[in-house]
2 protein chains.
Amino acid sequence: MTTERTGTGVRTVVEPTLSEAEAAMAGALERGDLLTVFGRCSVDYEGRASSTLGPGDRHVTAKPDGTVLVHTDEGQQPVNWQPPGCSQRVERVEGGDEGTDADDDAPLRLVSTRESPDEELVVSFESVRQVSAFAVDDGESLSLTGSEEDLRQRVLESPDLVEPGFQPLVTERRTAAGAVDIFGEDADGNVVVVELKRKRVGPDAVGQLTRYVDALERDLHADATVRGILVAPSVTDRARRMLADRGLEFSAVEPPSEGE
Amino acid sequence: MTTERTGTGVRTVVEPTLSEAEAAMAGALERGDLLTVFGRCSVDYEGRASSTLGPGDRHVTAKPDGTVLVHTDEGQQPVNWQPPGCSQRVERVEGGDEGTDADDDAPLRLVSTRESPDEELVVSFESVRQVSAFAVDDGESLSLTGSEEDLRQRVLESPDLVEPGFQPLVTERRTAAGAVDIFGEDADGNVVVVELKRKRVGPDAVGQLTRYVDALERDLHADATVRGILVAPSVTDRARRMLADRGLEFSAVEPPSEGE
DNA sequence: AAATAGATTTCGTCC
DNA sequence: GGACGAAGTCTATTT
């Protein structure tokens with residue numbers, strides 16, 4: 001086993017005994033560090049669903065905000081996790097009758113729990129290869145371009161992109177079926193409902209637009225024509241057919257990128 | 001700087017120079033290890049959208065399957081990432097005119113790219129606190145209970161949970177609007193469309209069921225009555241109202257848990 | 001490669 | 001705290 005303690009916020013223990021790993025993990029949780037553990041473990045989860053995962057090498061992260069992530073060597077998503085706000089503790093299975101110390105062979109457990117919903121994640125390490133604790137200093141936040149919000153601004157600045165003469169009146173207009181992205185009227189004064197999507201749309205988006213158009217037709221009574229326009233970069237074949245069946249329309253508009 | 005090389009598949013470098021970090025990272029990528037880097041970095045992404053992230057301490061993971069994850073001290077989701085299948089490389093910004101070596105102050109970059117869609121993620125380290133490489137041995141896969149698939153099996157085994165006399169006929173029956181979860185008939189011989197959800201449902205699920213019912217009514221022509229039943233643990237108020245407006249129904253069924 | 005829908009989705013926003 | 005919808009969603013399945 002080797003211990004590193006540096007003055008720059010990194011503490012690492014390599015090939016610790018389970019008791020040494022326990023101490024290092026407890027210290028990291030105590031200090032509010034970002035904790036990572038690599039070792040052979042099994043994982044059990046019970047809460048919104050239930051899962052079990054047999055023994056294998058995994059990389060486990062516990063963040064100071066209460067997040068826990070268990071990653072295998074494959075996949076972008078963790079194989080098991082716990083969301084922010086959970087409480088973490090490390091524990092050793094109780095030893096024999098007389099001993100107060102934990103059995104040296106007993107697994108080391110990282111337990112994460114929360115209430116509402118009641119959930120528990122247990123990572124049981126049979127061996128630990130590395131424990132690291134990091135003091136994180138991060139004040140910056142992400143700046144992102146190309147979201148649906150960016151597309152909305154683009155359409156509000158240049159309504160003609162939807163169709164010549166389109167006039168946006170309100171965003172997020174409420175209906176019995178939910179809030180409409182953009183509510184406006186066309187060159188002839190007809191009511192227009194616009195549903196925005198930042199990428200190619202499928203049947204679900206058509207369903208959404210349908211719900212809003214139907215709801216507005218009821219709200220505004222029978223006399224007024226309500227047009228529904230799906231605004232997105234492109235549509236799938238089935239979605240295009242569904243739009244046609246329902247008398248709805250599509251207008252191709254790209255979300256702004258980088259500079260625009 | 002301290003280097004650890006153990007016989008059990010863990011290599012760790014603490015407080016390396018950028019050149020030392022570069023070598024450690026390149027070796028890990030070469031060997032197909034799970035690579036982790038903790039350090040101060042900026043992140044730029046360009047692809048399906050664009051994003052920038054200013055300097056801060058982050059934990060970066062590169063998996064042998066091509067996944068890259070950049071985590072801050074907060075949140076379950078990575079602040080930036082690259083999906084499985086991407087290609088990674090480490091590089092140093094080119095030095096001055098005459099030198100062949102990289103400028104010692106030039107940032108160390110982890111670059112991840114893929115095509116279709118064209119995406120690039122660049123993590124620029126101004127300092128590195130730790131580089132670790134792990135040889136992962138994991139043969140086990142996750143076993144999970146409580147999914148929609150489990151709910152489907154429960155309903156197929158006990159159709160009366162939906163309503164007395166319900167008879168499932170086909171699963172995944174195709175319609176013009178997509179595949180129906182369970183297609184069957186009720187005690188009176190009416191066509192029944194069942195949409196399953198493992199948790200409390202909102203307006204989107206009602207929209208889905210509506211699409212399938214509408215599509216089937218057209219497919220089967222006008223004479224037959226098509227009932228639509230949303231099967232889930234519970235419904236939101238608005239969803240319940242939308243169901244009523246459309247003449248659709250709700251039946252409360254929980255997905256099986258643990259033992260069941 | 002594209003399409004479709006589920007997910008212990010997570011995340012933000014608004015009520 | 002619940003409800004609702006976006007997301008660089010990811011992931012599995014099917015065409």
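Throughout, protein chains are lettered first and strands after them, A, B, ... in sequence-line order, and every chain is numbered starting at 1. In what follows, every heavy atom counts, from backbone to side chain, and hydrogens, waters and symmetry copies are set aside.
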Heavy atoms only: give me the nearest [X]-[Y] pair and the separation to one decimal.
X	Y	answer
A:G202	A:T236	CA-OG1, 3.8 Å
B:Y45	B:L121	CB-CD1, 3.9 Å
B:A176	A:R238	O-NE, 3.3 Å

OP1 or OP2 of [N] sitting under 4.0 Å from any side-chain N/O of [X]?
X	N	answer
B:Q208	C:dT4	no
A:T236	C:dT4	yes
A:R200	C:dA2	no

Determine whether any donor atom in the side chain of [X] lies under 3.5 Å from an acceptor atom in the base of [N], or the reverse, and answer yes or no.
X	N	answer
B:E119	D:dG8	yes
A:E172	D:dG5	no
A:D204	C:dT4	no

Quickly work out the [X] [atom1] to [N] [atom2] distance and round it to whole Å.
X	N	atom1	atom2	value
B:E148	C:dA5	CD	C1'	8 Å
B:D237	D:dA3	CG	P	7 Å
A:D65	C:dT10	CG	C1'	13 Å
B:K197	C:dA7	NZ	C1'	10 Å
B:K199	C:dT10	NZ	C1'	9 Å
A:R173	D:dC4	CZ	P	17 Å
A:Q153	D:dA6	CD	C1'	15 Å
B:R238	D:dA3	CZ	C1'	8 Å

* Do B:E91 and B:V111 have side chains that get closer than 4.5 Å, going by heavy atoms? ->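 Yes - at least one pair of side-chain heavy atoms lies under 4.5 Å apart.
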Of all the nucleotides listed ([options]), which has the minimum atom distance to the side chain of [X]?
X	options	result
B:D181	C:dT8, D:dC4, C:dG6	C:dG6
A:P203	C:dA5, D:dA7, C:dT10	C:dA5
A:R174	C:dA5, C:dC14, C:dT8	C:dC14
A:R198	D:dA7, C:dC11, C:dT8	D:dA7
A:W81	D:dC10, C:dT10, D:dC4	C:dT10
B:R48	D:dG8, C:dA5, D:dT14	D:dG8

* Asked: Closest nucleotide of DNA chain D for B:L121 versus for A:A179: which of these residues is on the 5' side?
  ->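 The answer here is A:A179.
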* **Closest-nucleotide 5' rank along DNA chain D - winner of A:G178 and B:Q82** =>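 Nearer the 5' end of the strand: A:G178.
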* **Distance between C1' atoms of C:dT9 and C:dA5 (Å, rounded)** =>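 Result for the C1' pair: 13 Å, nearest Å.
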* To do: Could you measure between the two C1' atoms, the one in D:dG5 and the one in D:dT9, and give it in whole Å?
  =>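 That atom pair is separated by 13 Å.
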Classify the nucleic acid contact of [X] as base, sugar-phosphate or nothing, counting any heavy atom under 4.0 Å across all strands shown.
X	result
A:S50	nothing
A:R114	nothing
A:R152	nothing
B:P84	sugar-phosphate
B:G47	nothing
A:E74	nothing
B:E120	nothing
B:A239	nothing
A:P117	nothing
B:N80	base

* Hey, which sits more toward the 5' end of DNA chain C by its nearest nucleotide, B:Y212 or B:Q77? =>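 Nearest nucleotide further toward 5': that of B:Y212.
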* Asked: Of B:G75 and A:V201, whose nearest nucleotide on DNA chain C comes first from the 5' end?
  ->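 Its nucleotide being nearer the 5' end, the pick is A:V201.
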* **Trace of the salt bridge (charged side-chain N to carboxylate O under 4.0 Å, His left out) decision for B:R48 with B:E119** => CA-CA 7 Å; B:R48 286 169 287 175; B:E119 290 186 299; 2.7 Å; yes
* Nucleotide pairing, DNA chain C (Watson-Crick or G-U, distances under 3.5 Å), in dot-bracket with [ ] and | -> |||||||.|||||||
* Considering the options B:E185, B:E217, B:E163, which one meets the salt bridge (charged side-chain N to carboxylate O under 4.0 Å, His left out) requirement together with B:R227? ->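 Answer to the salt bridge (charged side-chain N to carboxylate O under 4.0 Å, His left out) test with B:R227 among B:E185, B:E217, B:E163: B:E163.
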* Using a strict cut-off of less than 4.0 Å between a Lys/Arg side-chain nitrogen and an Asp/Glu carboxylate oxygen, indicate whether A:D181 and A:R152 qualify as a salt bridge. =>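 So A:D181 does not pair with A:R152 through a salt bridge.
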* **Electrostatic pair B:R154:B:E157 at N-O distance under 4.0 angstrom** =>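 B:E157 and B:R154: not salt-bridged.
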* Once you round to the nearest 0.5 Å, how far does CZ of B:F183 lie from OG1 of B:T171? ->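 One gets 12.0 Å once the value is rounded to the nearest 0.5 Å.
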* Without hydrogens or angle criteria, can the side chains of B:Q88 and B:S112 be said to hold a donor-acceptor pair below 3.5 Å? ->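 Checked: B:Q88/B:S112 side chains pair up, N/O donor to acceptor below 3.5 Å.
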